[in-house]
Amino acid sequence: MRYELLIDGQLNPGGGSIEVIDPASGQVFEHCARALPEHLELAVAAALRAFTRWSREPLAARQILLTAIAEVIENNVQPLANLLTREQGKPLADSVWEVNGAAYIFRYYAGLDIPVQVLEDSEQRRVEQHQMPLGVVGAILPWNFPLFMAAAKIAPTLLAGNTLVLKPAPSTPLATLYLGALIKDLVPPGVLNLIADCNDLGPLLTAHPDVRKIGFTGSTQTGLKVMSAVVPTLKRLTLELGGNDAGIVLEDCDPKVVAAQLFKAAFTNNGQICVALKRLYVPASLYDALCDELAAIANRSVVGPGLEQGSELGPIQNKAQFERVLSLIESARRDGTIIAGGQSLGLPGYFVRPTIVRDIDDGTALVDQEQFGPVLPVIRYQDLDQAIASANNTPFGLGASVWSKNIDQAYAVAERLDAGTVWINNHGDVGPDIPFGGSKMSGVGAEYAWEGIAELTQLKIINIAKA
Ligand code: NAD
């Protein structure tokens, strides 16, 4: 299998190749085509040419395309999931979930209408609000959910009548390019273009004068660069960035019951989720019991290659992130007490045992920074107001959660948390039918649902005088 770019409806070998590493071995296991600046130019030019026609297609035609893409994904779950596990590291069952999730996103948007709203229809005038496509959209992705994220960009962008140039993360290009090869004959040439890079084409795409909007998902650090890059051409911009989500456990929780849910919220996908639970605040009365429960679950967890049966947590996706997580663990050794994990597996891949750190406070690296990995700091609190203040005391504002049997009490806390999404007795439940976006430095704008479509369209008012 050759993994090639998709430009103007054709597979394109690019100019050179990218080595793709299997994080379970640390070794190169596959190569794919590398896009150079000239391929990006070709892709943008193809998208621009395709826009006139695609934007005039009736909505129904665009919905039919999205349904057809969903069917292709559903018919290729196994190969796509295998590839995802090889390049991303996650256990195969999680990859199957992700592939099905990608198909679900296409089906969801295939069922979404973009209606003309009649704002007024009186004797004097009729005023209509239309949502017009923007033009060429550029999408830039991270490496934690390559296919889910690709679907979340492709489906609404195309439904809205835009054309797209999408760039996966350099370390996880394969499943996206494979999807491109599977659907290339379904999608009109130029409507969807896929380019893979060596972490070098983002600035070109964000500055390109023919691109009208950038949808970026990645770190806050890179998001800041993207925001400055779009200024000279006044592009629309949606930023889905990093987070440092806090969870607050209230006094009435049963540690045995919540521990499993909290563990899942923090360690699914090895903690490499923008809305993973990244800091846990626990009242002093439950602190020892809950720490012990979390440590017991961590110690029982099976860490191993994603393709090996029984693995519950795979490797960390790439070497740089692996080293960053290990360095945060070293800082936690000084700043707190590690009661589970705390080490790599000593295998060639990027494996780290799920790590629970107690007796750690705000103001330490592990609590204040986004770890984006399998390490959870558990912080003791005496006073709920203080816990809420700590949860909010961060430049981020992506998600947060409150855990309690008393929903009214939890709701009162949720109202005081500053985050784009606040869950009660859950953390990380997202989907294409629920708008999603961060406050503060976790993002600008929103994706998913109608709000996502609104950000991919331009308002146009038609105002007809009658009298
Ligand atoms: P990253 O910012 O390093 O890279 C993301 C993408 O940006 C990659 O495709 C990369 O090639 C590209 N890029 C790099 N430099 C660029 C530049 N100057 N201009 C344009 N593009 C550039 O992020 P990552 O390490 O791949 O992902 C992890 C981060 O993403 C975490 O902080 C996580 O919280 C965040 N994330 C956020 C969401 C969300 O929806 N809010 C979802 C997933 C991940």
Q88 side chain reached by Q272 side chain, heavy atoms, under 4.5 Å: yes
Quick check: does any side chain N or O of T206 sit under 3.5 Å from a backbone N or O of P203, one acting as donor and the other as acceptor? yes
Does either side chain, that of S17 or that of H31, offer a donor lying less than 3.5 Å from an acceptor on the other one? no
Given the options L205, T163, T157, V136 meets side chain to side chain contact (heavy atoms under 4.5 Å, CB included) only with T163
Would you mind writing out the side-chain donor-acceptor pairs for residues 105-113 within the sub-3.5 Å range, not counting sequence neighbours?
residue, atom, partner, partner atom, Å
R107, NE, E74, OE2, 2.8
R107, NH2, E74, OE1, 2.8
Y109, OH, A449, N, 3.2

Side-chain heavy-atom pair D94, E98 within 4.5 angstrom cut-off: no
Is there a donor in the side chain of D252 and an acceptor in the side chain of S404, or the other way round, less than 3.5 Å apart? yes
Can a donor-acceptor pair be found between the side chains of N244 and T394 at a distance below 3.5 Å? no
Measure the CE-CG distance between M227 and L239 for me, rounded to the nearest 0.5 Å. 6.0 Å
May I ask you to say whether R358 pairs ionically with D288, meaning some side-chain N is under 4.0 Å from a carboxylate O? yes
May I ask you to check whether over 12 heavy atoms, not counting those of F29, lie within 6.0 Å of atom CZ? yes
With no hydrogens and no angle check, is any side-chain donor or acceptor of E87 less than 3.5 Å from a backbone partner on L174? yes
Does the structure place the NZ or CZ of K225 under 6.0 Å from the centre of the six-membered ring of F216, at an angle of no more than 45° from the ring's axis? no
Atom of L398, atom of L241 and distance for their closest heavy-atom approach: CD2-O, 3.6 Å
What's the separation between atom CG in L65 and atom CZ in R62, rounded to the nearest 0.5 Å? 10.5 Å
To the nearest 0.5 angstrom, please state how far the CZ atom of F267 sits from the CG atom of L277. 8.5 Å
Distance check, rounded to the nearest 0.5 Å: E251 atom CD versus N406 atom CG? 12.5 Å
Are the side chains of Y3 and L83 in contact, using a 4.5 Å heavy-atom criterion? yes
E240 side chain to G445 backbone, donor-acceptor under 3.5 Å: no
Between the main-chain N or O of L134 and the side-chain N or O of N162, is there a donor-acceptor pair closer than 3.5 Å? yes
Under the side chain to side chain contact (heavy atoms under 4.5 Å, CB included) criterion, do L192 and I183 qualify, and how do the steps go? CA-CA 10 Å; L192 170 65; I183 62 176; 3.8 Å; yes
In this structure, are over 12 heavy atoms from other groups packed under 6.0 Å from Q343 atom CD? yes
Can any side-chain N or O of K235 pair as donor or acceptor with the backbone N or O of H208 at less than 3.5 Å? yes
Do F148 and L141 pass the side chain to side chain contact (heavy atoms under 4.5 Å, CB included) test, and can you show the C-alpha distance, the side-chain angles, and the key distance before you say yes or no? CA-CA 10 Å; F148 192 90; L141 302 184; over 6 Å; no
For R333, look at atom CZ and say whether over 12 heavy atoms of other residues, nucleotides or ligands are found less than 6.0 Å away. yes
Determine the interplanar angle of the W143 and F372 rings, folded into 0 to 90°, and report it as parallel if under 30°, tilted if 30 to 60°, perpendicular if over 60°. perpendicular
From N426 CG over to L262 CG, what is the distance, rounded to the nearest 0.5 angstrom? 10.5 Å
Residue pair V99, L80: steps toward the side chain to side chain contact (heavy atoms under 4.5 Å, CB included) verdict: CA-CA 7 Å; V99 176; L80 283 166; 3.9 Å; yes
Which heavy-atom pair separates D245 from A276 by the least distance, and what is that distance? CB-O, 3.3 Å
Distance-only donor-acceptor check, side chains T421 and W423, under 3.5 Å: no
Any side-chain heavy atom of Q371 within less than 4.5 Å of one from P377? yes
Taking everything shown except Q221 itself, do over 12 heavy atoms lie less than 6.0 Å from its CD? no
Exactly one of N193, L6, L201, V211 should register a side chain to side chain contact (heavy atoms under 4.5 Å, CB included) with V165. Which one does? N193
Donor-acceptor contact below 3.5 Å, side chain E455 vs main chain A446: yes
Measure from the side-chain N and O atoms of R212 to the backbone N and O of L234, and report whether any donor-acceptor pair falls under 3.5 Å. yes
Donor-acceptor pair, side chain of N269 and main chain of N144, under 3.5 angstrom: yes
In terms of heavy-atom contacts, D359 and Y287 come closest through N-OH, 2.8 Å
Would you say the side-chain atoms of Y281 and D362 include a donor-acceptor pair closer than 3.5 Å? yes
Is there a donor-acceptor contact under 3.5 Å from the side chain of T172 to the main chain of P146? no
Under 3.5 Å, side chain of S311 to main-chain N/O of G314, donor-acceptor pair present? no
Would you say that more than 12 heavy atoms from the other residues, nucleotides or ligands in this model lie under 6.0 Å from the NZ of K264, or not? no
Heavy atoms of D418 and N392 approach each other most closely as N-OD1, 2.9 Å
Any chance you could lay out the side chain to side chain contact (heavy atoms under 4.5 Å, CB included) test for R236 and V230, step after step, and finish with the verdict? CA-CA 8 Å; R236 302 300 177 86; V230 303; over 6 Å; no
Would you say the side chain of F322 lies within less than 4.5 Å of the side chain of P315, judging by non-hydrogen atoms? no
Modelled atom types, side-chain donor and acceptor of S171 and Q317, under 3.5 Å: yes
Point-to-point distance, once rounded to the nearest 0.5 Å, from SG of C291 to CD1 of I339: 4.5 Å
Within-4.5 Å side-chain heavy-atom neighbours: V325 and P374: yes
Any carboxylate oxygen within less than 4.0 angstrom of a Lys/Arg side-chain nitrogen, looking at R334 and E330? no
Validation row: V20, P173 side chains within 4.5 angstrom (heavy atoms): yes
Note: I21 and Y350 closest approach over all heavy atoms is CG2-OH, 3.9 Å
Using the ring of each side chain (for Trp, its six-membered ring), is F436 parallel, tilted or perpendicular to Y448, with breaks at 30° and 60°? tilted
pair I338-V357: side-chain heavy atoms closer than 4.5 Å: yes
Ion pair E30/R86, N-O distance below 4.0 Å: no
Might you point out which heavy atoms bring A196 and P168 nearest each other, and give the distance in Å? CA-CD, 4.5 Å
